[in-house]
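Written out below as structure tokens is the structure these notes cover.
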Amino acid sequence: MSKPKIERTLVLVKPDGVVRGLIGEVVKRFEMVGLKIVGMKMMKITPDFAKQHYFAHVEKDFYPELEKRIIAGPVIAAVLEGMNAVEVVRKIVGSTESKSSVPGTIRGDFAHVGLDYQGTKNIVHASGNLEEAEKEVGLWFSEKELFEYKTMYEKHIEEE
Ligand code: DAT
Ligand code: MG
């Protein structure tokens, strides 16, 4: 049996999630499944930084609103590590539109509006694929801000 890949992915609790007091709730959901937090900080980003992070969306009609919301206040940025972390984190976050995100997901449980109405207020950001994850982790975190340690789950796996 081949060993699944250990990946790193970026998660943000966006300003709308921070002001709603959802930092703990969001972080808890990733910890619950055994994903490892290898970096975490609070940051208030500039319009320039927002354009680097959302470079794929800068030309889109919803970009001005997206930028306004992401620079509106501090965000929590975290790097999560685990087997197939990119896919697993997206599953926990839910789909882009809160209206169609299923209950049990962060967006499905804590927001309900459609993309056409405050669509950018969907609480969290998570890297969409491995390539995006590698770029985003590098944009938000320096090597010195990322840590290596073993979780209890990893120790259990080693003991098996
Ligand atoms: P995701 O955040 O699920 O990766 P995305 O990368 O396609 O989604 O878009 C980034 C953010 O932009 C998303 O969280 C909400 C907003 N957004 C995306 N499509 C939109 C649309 N059609 N109208 C309004 N906001 C949109
Ligand atoms: Mg995306």
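All ligand and atom numbering here is 1-based and tracks the order in the structure. All values below were derived from every heavy atom in this structure, side-chain atoms included, with hydrogens, water molecules and symmetry-related copies excluded. Only a predicted model underlies this, so the values are computations on that prediction, with no experimental measurement involved.
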- [ ] Tell me, yes or no, whether the heavy-atom count around Y149 atom OH, taken from other residues, nucleotides or ligands under 6.0 Å, exceeds 12.
- [x] yes
Task: Presence of salt bridge, R29 and D109, under 4.0 angstrom - done: yes
- [ ] Could you tell me the separation between the CD1 atom of I76 and the NZ atom of K14, rounded to the nearest 0.5 Å?
- [x] 15.0 Å
Open item on the list: If you compare all heavy atoms of F30 against all heavy atoms of V11, which two are closest, and at what distance to 0.1 Å?
Closed with: CE1-CG1, 3.8 Å
TODO: Any chance you could pull the hydrophobic cluster mates of F49, using side-chain heavy atoms under 4.5 angstrom and chaining through other members?
DONE: L10, L12, V38, M43, I45, Y54, V58, F62, Y63, L66, I70, I71, V75, V79, V137, L139, W140, F141, L146
Write none if no such pair exists; otherwise list each N/O atom of ligand 1 with its protein N/O partner under 3.5 Å and the distance.
residue  : atom   : partner : partner atom : Å
ligand 1 : 2 (O)  : R107    : NH2          : 3.1
ligand 1 : 3 (O)  : R90     : NH2          : 3.0
ligand 1 : 3 (O)  : T96     : OG1          : 2.6
ligand 1 : 3 (O)  : R107    : NH1          : 2.9
ligand 1 : 4 (O)  : R90     : NH1          : 2.8
ligand 1 : 4 (O)  : R90     : NH2          : 3.3
ligand 1 : 6 (O)  : H57     : NE2          : 2.9
ligand 1 : 8 (O)  : T96     : OG1          : 3.2
ligand 1 : 9 (O)  : H57     : NE2          : 3.3
ligand 1 : 14 (O) : K14     : NZ           : 3.3
ligand 1 : 14 (O) : N122    : ND2          : 2.8

Task: Pair E131 + K135, salt bridge at N-O below 4.0 Å - done: yes
